[in-house]
Amino acid sequence: MFEFGPILRTLWRNKTGALLIIVQAALTLGIVSNAAYVVHDRQQLIERPTGIDEQNLFTLRIAQLSNPKSNYQDVIRDLDEIRRLPGVVDASFGNTSPLSNSGSSSDMTNEENPDKPVSVLTDLFSTDSHGLNTLGLKLVSGRFFNDTDIGFSGSVFGNGADLSGIVLTRTLADALFGKDVDVLGKQLMGSTVIGVVEPAMVSYVAQDYATGVAFIANFVANDSLTYIVRCEPGQLSQLMVKVPKLLQKLDPNRIVRNVRPVTEFKQRSYRRHISMVKMLTVTMILVISVTGLGIVGLTLLWGNQRRRQIGIRRALGASRLAVMRYFLTENLLITAIGVVLGVILSLALNQLMVQHYQMSALPLSYILFSMLAVLLLGLLAALVPAWRSSLVSPALATRSV
Amino acid sequence: MLKMEHIAKVFRTDTVATHALRDFSLHVKAGEFVSVTGPSGAGKTTFLNIAGLLEPFDGGSYQLDGISVHGLSDSQRSKLRNEKIGFIFQGFNLIPDLNIFDNVDVPLRYRGFGRAERKRRIEDALAKVGLSARAKHLPSQLSGGQQQRAAIARALAGEPAFLLADEPTGNLDTTMARQVMELLEQINSQGTTIVMVTHDPELARRAQRNIQIVDGEVADLTLRQAV
């Protein structure tokens with residue numbers, strides 16, 4: 001029924017066209033399986049939950065004109081006034097804009113076992129007692145800061161011993177002390193852990209350590225300060241206008257700038273990943289289209305070149321379905337050889353990416369899916385040319401060449 | 001075996017209608033060897049195409065081995081063609097990319113025979129035409145006479161009710177032509193009905209009966225005794 005033997009022997013005698021499709025199918029599988037994996041990997045990264053109420057947050061920066069250093073009392077006044085505005089859930093200061101992919105990071109070391117210290121790269125985020133509610137964090141154990149916890153060190157972390165306490169995300173606590181260990185009261189870099197919150201990304205988004213955050217109640221007096229405002233749903237746009245006006249009114253002798261929703265920072269932080277997803281998606285579409293069109297073109301060409309042969313087959317009893325089956329089987333065999341080579345190519349490409357780009361190994365499911373997709377592409381692309389070939393009249397066999 | 005009654009076939013373009021066959025009637029009995037002759041354009045090939053179920057006809061009736069072919073679907077016609085008719089073409093019409101074994105195999109595969117049955121039939125057919133040793137050769141590696149014998153083997157392998165031969169010696173030299181003709185006569189003597197279209201009056205005379213087609217009609221029926 002399926003003329004595998006004669007088809008393979010015929011292909012062996014006419015290798016060039018078949019080789020072209022084999023190479024195209026192999027390249028398509030190699031590229032598509034790896035590209036699809038990278039796209040999925042990046043999309044998962046982009047879509048993972050941040051753990052903060054990013055949709056209702058915006059930030060702004062204050063630059064003092066007269067006094068280069070911000071005054072803490074002024075900050076308290078500003079934030080109190082902001083919180084009084086209708087539609088504002090809460091407001092706090094921070095050392096950076098959430099999800100902006102910039103901030104302060106440092107190694108935190110658990111030295112409980114001096115012979116085996118555990119160091120974890122950590123996002124250090126300084127804020128005030130309203131930070132928990134402003135960001136929309138969820139407390140797991142212990143407490144967040146109160147107004148008396150605030151310290152005044154020269155840098156974000158300052159001197160750990162001067163801090164009243166430190167709050168960790170569960171991710172960081174697990175990484176430093178072990179999974180689900182009660183970390184309240186434990187010493188870390190000279191400070192005491194007073195609370196644990198659910199995993200959240202604050203300063204960073206794309207890095208491996210993004211959800212490993214240590215919150216510090218520390219006011220760093222410098223020439224530029226970030227205010228974070230959490231709004232009730234639907235109030236963001238209005239408040240992004242009202243809050244800067246209010247601040248300007250409270251103290252005209254300063255500049256309020258960079259009023260931006262946190263979603264914009266997130267979008268920017270993922271820009272490289274979003275671009276890669278777009279580029280790889282376009283590449284996949286192009287590769288699939290080129291291969292599909294290549295198969296269509298070559299099958300049409302073969303059909304035209306073999307019109308007389310088809311006529312002879314029809315005269316000898318081949319139905320239209322049998323002619324279609326012949327061409328589809330032929331394409332399937334060629335594509336299948338390409339798919340086998342493609343799997344080898346795909347694994348080799350992945351090995352390169354694992355070695356040079358810190359990619360993880362390509363899951364088997366991606367290879368299987370790509371194999372099916374390329375085989376299906378081969379069949380679909382050959383469908384119309386095969387149908388056209390099946391329309392050749394058997395009377396062609398009796399016509400002179 | 002073959003019963004055509006008042007067959008009409010018209011080829012139409014936008015402006016012209018050409019009557020290739022008109023009121024064409026012919027009966028061929030089982031076991032007969034009939035030659036069909038006529039000048040170029042008389043309608044020989046059209047008759048062959050209709051008799052071989054390669055083309056539909058516009059009017060009349062046609063029964064092949066007792067089966068009315070009118071109104072059959074394409075797949076039914078293909079099946080009937082495959083089971084009842086063996087074709088021998090002027091240009092041999094072997095498939096160039098397949099060796100002789102695979103060429104003879106082509107109609108048998110469409111018939112749905114199993115591998116062992118096909119192999120037996122192919123070997124028998126090639127033995128009948130004296131090409132057993134050439135089974136793995138490509139058509140291009142054979143002489144014209146050998147290619148035509150391979151085509152005859154392909155036509156015989158399915159044990160059809162009748163053979164339709166279109167100028168079977170047209171591309172062969174005299175010696176080869178004689179050998180092929182002797183082979184056809186031998187096949188006929190074993191009971192296979194043969195209808196042969198030819199230009200060659202010498203070959204036509206070797207058939208039991210000669211039909212002459214002129215302007216799409218049967219011009220003369222001459223019953224001849226078998227030689």
Side-chain angles (χ1 to χ4, degrees), chain A residues 1-19 298-299 301-331 333-334 386-401, chain B residues 44-56 73-99 101-115 136 138 140 151 154-155 157-158 160 164 166-167 170-171 197:
Chain A
M1 190 173 177
F2 297 100
E3 303 174 54
F4 292 124
I7 289 173
L8 283 173
R9 287 192 283 279
T10 303
L11 288 174
W12 187 248
R13 293 185 189 106
N14 301 281
K15 298 183 197 73
T16 316
L19 274 175
L298 211 60
T299 316
L301 179 71
W302 282 346
N304 286 335
Q305 283 175 339
R306 290 187 284 184
R307 277 178 66 78
R308 187 166 182 83
Q309 190 190 122
I310 298 164
I312 295 166
R313 285 178 181 275
R314 294 275 284 128
L316 296 177
S319 62
R320 285 182 181 150
L321 191 67
V323 173
M324 276 193 79
R325 194 169 54 220
Y326 181 92
F327 277 90
L328 293 178
T329 306
E330 187 175 65
N331 266 281
L333 280 172
I334 295 170
W387 173 75
R388 276 173 58 112
S389 297
S390 75
L391 297 180
V392 170
S393 164
L396 198 69
T398 57
R399 288 181 200 145
S400 305
V401 183
Chain B
K44 297 193 299 294
T45 302
T46 305
F47 157 72
L48 188 90
N49 286 346
I50 291 171
L53 310 182
L54 303 178
E55 258 183 72
S73 67
D74 178 77
S75 63
Q76 288 170 323
R77 290 166 74 89
S78 299
K79 188 169 186 288
L80 197 60
R81 195 157 60 227
N82 179 259
E83 288 175 1
K84 302 283 183 191
I85 306 169
F87 283 100
I88 302 166
F89 304 98
Q90 179 178 0
F92 322 135
N93 278 357
L94 295 169
I95 295 171
D97 296 324
L98 298 180
N99 63 30
F101 187 97
D102 285 340
N103 261 289
V104 179
D105 196 19
V106 170
L108 302 181
R109 281 178 179 272
Y110 298 134
R111 190 80 164 267
F113 289 133
R115 182 194 290 258
K136 296 297 171 192
L138 287 173
S140 58
R154 183 176 63 186
L164 263 180
D166 180 17
E167 301 281 8
N171 283 5
V197 171

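These numbers come from the heavy atoms of this one structure, side chains and all, not from hydrogens, waters or symmetry mates. Letters A, B, ... are given to chains in the order of the sequence lines, protein chains preceding strands, and every chain is numbered from 1.
- The shortest distance between side-chain heavy atoms of B/L53 and B/K84 does not fall below 4.5 Å.
- Of the inter-residue distances, the one linking B/L138 atom CG with B/N103 atom CG reads 9.0 Å to the nearest 0.5 angstrom.
- Both the backbone and the side chain of A/R314 come within contact range of chain B, each with at least one heavy atom under 4.5 Å from a heavy atom of that chain.
- Counting heavy-atom pairs closer than 4.5 Å to chain B, the top-ranked of the candidates A/T10, A/I312, A/L321 is A/I312.
- When the ring pair (Phe, Tyr, Trp, His ring centres under 6.0 Å) test is applied to A/F327, no partner is found at least two apart in sequence or on another chain.
- If you measure heavy-atom distances from A/A397 to chain B, the contacts under 4.5 Å come from both the backbone and the side chain.
- Under 3.5 Å, the side chains of A/R308 and B/N93 contain a donor-acceptor pair of N or O atoms.
- Counting heavy-atom pairs under 4.5 Å between each of A/A322, A/A315, A/S393 and chain B puts A/A315 at the top.
- Of the listed residues (A/A318, A/G311, A/S319), the one with the most heavy-atom contacts under 4.5 Å to chain B is A/A318.
- The candidate with the highest count of non-hydrogen atom pairs below 4.5 Å against chain A, out of B/P96, B/S78, B/A155, B/G91, is B/S78.
- Formation of a donor-acceptor pair under 3.5 Å by the B/N99 side chain with backbone atoms of B/D102 is found in this model.
- In this view, B/R111 satisfies the salt bridge (Lys or Arg N to Asp or Glu O under 4.0 Å) rule with no residue, not counting sequence neighbours.
- Contacts between B/L48 and chain A at a heavy-atom distance below 4.5 Å involve the side chain alone, from C-beta outward.
- When heavy atoms are compared at a cutoff of 4.5 Å, A/R313 approaches chain B by way of both its backbone and its side chain.
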